Amino acid sequence: MCRSSTEARMRGYLEELNRTGPFWRRYWFSVKELMAHVRKMGADSWWPWTHECVMQGDMERSYMCHLLVEDCHSRHLGGTRLITALQYAYGQFHSNVASICELQDKIDALCRASHPTCMVLVLGVTNHWLTVLTYRIPSTARVGVLYLDSNNTPVLKVSDEELDRILHFKEQERVKNRGQGYSPWQRTIKVQAWKDQRRLLDVLSECFSGTHNLRTELLDASWNSLLESYYGNVCTHGTELDHQTMCLLLLVQWLQSERPPKGIREMQVSCLHRVGAQWLSAKLRDKIIKWMSDVRYVCRDSTGIEEPNELLKVLDGLEQSLVQNISTRFTS
């Protein structure tokens, strides 16, 4: 975060970057910084840390994280103290758990600040970089949010139908300017990127207003993805699991091809332990408890089958965490 005394300096940087010459000088300075790191890695360099990848001009996620720490211009503006990179795609955070929890702590500090303060978020959303500037002026008791998108796509509070219309308009413009439209893959990724932008900006707005928390959102996204996959492949919501044998066969297939027990332990369960079960929403906690009950029902005749028994071991540890959390909530 920064004090208002840096406002003039920040304004100067922004005005400078609006001019063509300074912009490209800054760009090539960043390229040289990335190339210096490629040379430092030497024979140990790998994608995307190669000369060819850097010179393609795409700002890979690891490049952004490196520049926020090592680039002297970023450090002069406040570096990672002021600027935070956050990765998000397909409804999931792609930054590590610790950095997301740290970001929530920064948001909490900004909302409590007794002096004018601000924070910058550089958002890597699907296939596009965005910037969000947040600021708080204590006298107004409000947090302001400025959203900057170089593509100028109006995704905020826009329905899926409107996104389809925006895609159609942009494709017509592309045909007019380049003589060809988008490929099916390009259409899919563009709409997905807009949906991810819309969702992430809604989440951040709720966090800055104090009505949501990134820890809760992280758990929601991780666990709901697992539960949707389970109920879509093994059994559906509302069934009484009458065909238990068939469900067991589908469960084994799901564990082998989609979600191995080790992956569930290292992703969803590990995320829950690191974030803390107290950050589970009541709705999600109930869904997880129901899922554990459904799985145990399906696995009641799974003696000697490796994958279901491994999953049951995962559930034993998960259940203990949930029980401890419920006990803590009632005794605190």
Side-chain angles (χ1 to χ4, degrees), residues 10-35 47-48 50-68 71 73-74 83 85-95 120-134 144-205 221:
M10 296 284 284
R11 190 182 298 275
Y13 273 117
L14 290 174
E15 291 175 352
E16 180 183 358
L17 290 176
N18 275 329
R19 299 198 298 273
T20 302
F23 172 86
W24 284 107
R25 281 197 297 273
R26 187 67 54 82
Y27 171 82
W28 285 110
F29 185 93
S30 297
V31 170
K32 290 180 181 178
E33 173 60 46
L34 295 173
M35 290 303 301
W47 181 91
T50 66
H51 178 275
E52 292 76 13
C53 289
V54 172
M55 295 309 296
Q56 281 179 355
D58 294 331
M59 179 58 74
E60 300 290 349
R61 294 172 177 177
S62 56
Y63 297 171
M64 179 65 74
C65 295
H66 176 81
L67 291 172
L68 288 179
D71 184 274
H73 300 105
S74 296
I83 308 170
L86 182 64
Q87 319 293 341
Y88 189 87
Y90 292 91
Q92 299 274 344
F93 288 108
H94 290 259
S95 300
V120 177
L121 302 178
V122 179
L123 309 178
V125 184
T126 316
N127 65 342
H128 186 47
W129 287 102
L130 310 158
T131 304
V132 169
L133 170 65
T134 61
V145 179
L146 298 179
Y147 164 55
L148 309 175
D149 175 12
S150 59
N151 287 338
N152 292 320
T153 306
V155 301
L156 295 177
K157 308 300 181 184
V158 170
S159 67
D160 289 353
E161 292 74 17
E162 289 173 302
L163 289 180
D164 289 336
R165 285 195 288 272
I166 292 172
L167 177 65
H168 179 69
F169 173 78
K170 286 184 174 289
E171 185 159 19
Q172 286 182 321
E173 289 292 307
R174 181 184 173 92
V175 170
K176 186 186 301 183
N177 296 327
R178 301 189 184 185
Q180 61 179 4
Y182 298 123
S183 67
W185 178 85
Q186 287 174 319
R187 293 190 193 98
T188 299
I189 199 68
K190 280 184 174 294
V191 172
Q192 181 61 51
W194 294 337
K195 290 180 179 179
D196 284 332
Q197 292 171 32
R198 182 181 61 189
R199 175 58 188 162
L200 181 56
L201 291 167
D202 284 344
V203 168
L204 290 173
S205 296

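Predicted model, so just to flag it, every value in this text is computed and none were measured.
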Sorted by chain and number, sequence neighbours left out, salt bridge (charged side-chain N to carboxylate O under 4.0 Å, His left out) with Glu171 holds for Arg187
Side-chain donor/acceptor of [X] to backbone N/O of [Y], under 3.5 Å:
X      : Y      : result
Arg198 : Val158 : yes
Trp194 : Thr153 : no
Asp58  : Glu60  : no
His94  : Ala89  : yes

Applying side-chain hydrogen bond (donor to acceptor under 3.5 Å, both in side chains) to Glu162 and not counting sequence neighbours gives Ser159
Contacts of Phe93 meeting ring pair (Phe, Tyr, Trp, His ring centres under 6.0 Å) (sequence neighbours excluded), chain-then-number -> Tyr88
What heavy-atom pair brings [X] and [Y] nearest, and what distance separates the two atoms?
X      : Y      : result
Gln186 : Gly181 : OE1-O, 4.3 Å
Gln192 : Thr126 : O-OG1, 4.2 Å
Pro48  : Ser62  : CG-OG, 3.5 Å
Val31  : Met55  : CG1-SD, 3.9 Å
Cys65  : Gln87  : SG-NE2, 4.2 Å
Ala221 : Gln92  : O-NE2, 2.8 Å

If you measure from [atom1] on [X] to [atom2] on [Y], what distance do you get to the nearest 0.5 Å?
X      : Y      : atom1 : atom2 : result
Leu133 : Leu146 : CG    : CG    : 5.0 Å
Lys190 : Trp185 : NZ    : CH2   : 9.5 Å
Thr50  : Leu34  : OG1   : CG    : 11.0 Å
Leu130 : Leu148 : CG    : CG    : 9.0 Å

_Before you tell me yes or no, could you show the steps for His128 and Ser150 under side chain to side chain contact (heavy atoms under 4.5 Å, CB included), namely the whole-Å CA-CA distance, both residues' side-chain angles and the distance that decides it to 0.1 Å?_
CA-CA 9 Å; His128 186 47; Ser150 59; 3.3 Å; yes
| request: Any chance you could lay out the side chain to side chain contact (heavy atoms under 4.5 Å, CB included) test for Tyr90 and Lys195, step after step, and finish with the verdict? | output: CA-CA 8 Å; Tyr90 292 91; Lys195 290 180 179 179; over 6 Å; no
### Note, Tyr63 side chain near Ser30 side chain (heavy atom, < 4.5 Å)
no
message: Do Leu86 and Leu200 have side chains that approach each other closer than 4.5 Å (heavy atoms only, starting at C-beta)?
response: yes
Partner of Tyr147 under side-chain contact (heavy atoms from CB on, under 4.5 Å), picked from Val132, Leu204, Leu121, is Val132
The single option from Lys170, Lys176, His168, Arg174 that satisfies side-chain contact (heavy atoms from CB on, under 4.5 Å) with Gln172 is His168
Task: Audit row: Ile166, Val155, side chain to side chain contact (heavy atoms under 4.5 Å, CB included) steps and yes/no - done: CA-CA 9 Å; Ile166 292 172; Val155 301; 5.9 Å; no
Using 30° and 60° as the class boundaries, would you call the ring planes of Tyr27 and Trp24 parallel, tilted or perpendicular? perpendicular
